[in-house]
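The next block holds one structure in the form of structure tokens; read it before the comments.
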Amino acid sequence: QVQLVESGGGLVQAGDSLTLSCAASGRTFSRYTMGWFRQAPGKEREFVAAVTWSGGSIYRTDSVKGRFTISRVYAKNTVYLQMNSLTPEDTGVYYCAAAEDYYGSAADGFGTWGQGTQVTVSS
């Protein structure tokens, strides 16, 4: 079992870029699937992107793919989410999550979660 801590959120303007980081500790997670989810005010948590232990990635196809990139650096036990061309619709709390022996986009497939980092995009 690992512990996850997100960082890098903040207030930006529409069109700006932002990179989020997720640092893992407690146990190696090189073979974990790592994912990013977000939750906008008053809405349910939704999948953003995920990367497997082997480096394969999947993205939310509506509004995210083409703008966001997920990556991981095994030596640092860190996962990143690079976000470009941000819009106010991207505003929300972004959560990092880890899954053992799972590859997919369902939130209930991920057993370990961070506390989230706030991303606010102004118009």
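No experiment lies behind these values; they were computed from the predicted model shown. The first residue of the sequence shown is numbered 1, and numbering continues consecutively from there.
- Shown here are the side-chain hydrogen bond (donor to acceptor under 3.5 Å, both in side chains) partners of S122, two or more places apart in sequence or in another chain: there are none.
- Counting heavy atoms from C-beta outward, L20 and M83 have side chains that approach closer than 4.5 Å.
- Contact check for T33 versus F110: side-chain heavy atoms found under the 4.5 Å cut-off.
- Residue R67 comes nearest to T87 through the heavy atom pair NH1-N, 4.4 Å, listed as atom of the first residue, atom of the second, then distance.
- Evaluation of the disulfide bond (SG atoms under 2.5 Å apart) test over residues 78-123, restricted to residues two or more places apart or in two chains, returns C22-C96.
- No single ILVMFWY cluster, assembled from side-chain heavy atoms under 4.5 Å apart, contains both V93 and M34.
- Atom CD1 of residue I58 and atom OG1 of residue T52 lie 9.0 Å apart, to the nearest 0.5 angstrom.
- A heavy-atom distance below 4.5 Å is found between the side chains of V64 and R38.
- A98 approaches V2 most closely through the heavy-atom pair CB-CG2, 4.2 Å.
- The closest side-chain heavy-atom distance from F68 to R60 is not below 4.5 Å.
- In terms of heavy-atom proximity, P88 sits nearest to A14 at CD-CB, 4.3 Å.
- In this structure, F37 and E46 have side chains that are not in contact, with every pair of non-hydrogen atoms separated by 4.5 Å or more.
- T69 contributes atom OG1, which lies 8.0 Å from atom CG of L81 (distance to the nearest 0.5 angstrom).
- A distance of 9.5 Å separates CH2 of W113 from CD of E6, quoted to the nearest 0.5 Å.
- Proximity of Y95 to L4: side-chain heavy atoms (C-beta onward) are nowhere separated by under 4.5 Å.
- Q118 places a side-chain heavy atom less than 4.5 Å from the side chain of T91.
- Across L18 and G9, no two heavy atoms sit closer than the pair CD2-CA, 4.2 Å.
- A chain of hydrophobic side-chain contacts below 4.5 Å, direct or via other Ile, Leu, Val, Met, Phe, Trp or Tyr residues, connects Y102 to F47.
- Put simply, OG1 on T117 and CH2 on W36 are 7.5 Å apart, with the number rounded to the nearest 0.5 Å.
- One hydrophobic cluster, built from ILVMFWY side chains closer than 4.5 Å, holds both V119 and Y59.
- Between V79 and I70, some side-chain heavy-atom pair lies under the 4.5 Å cut-off.
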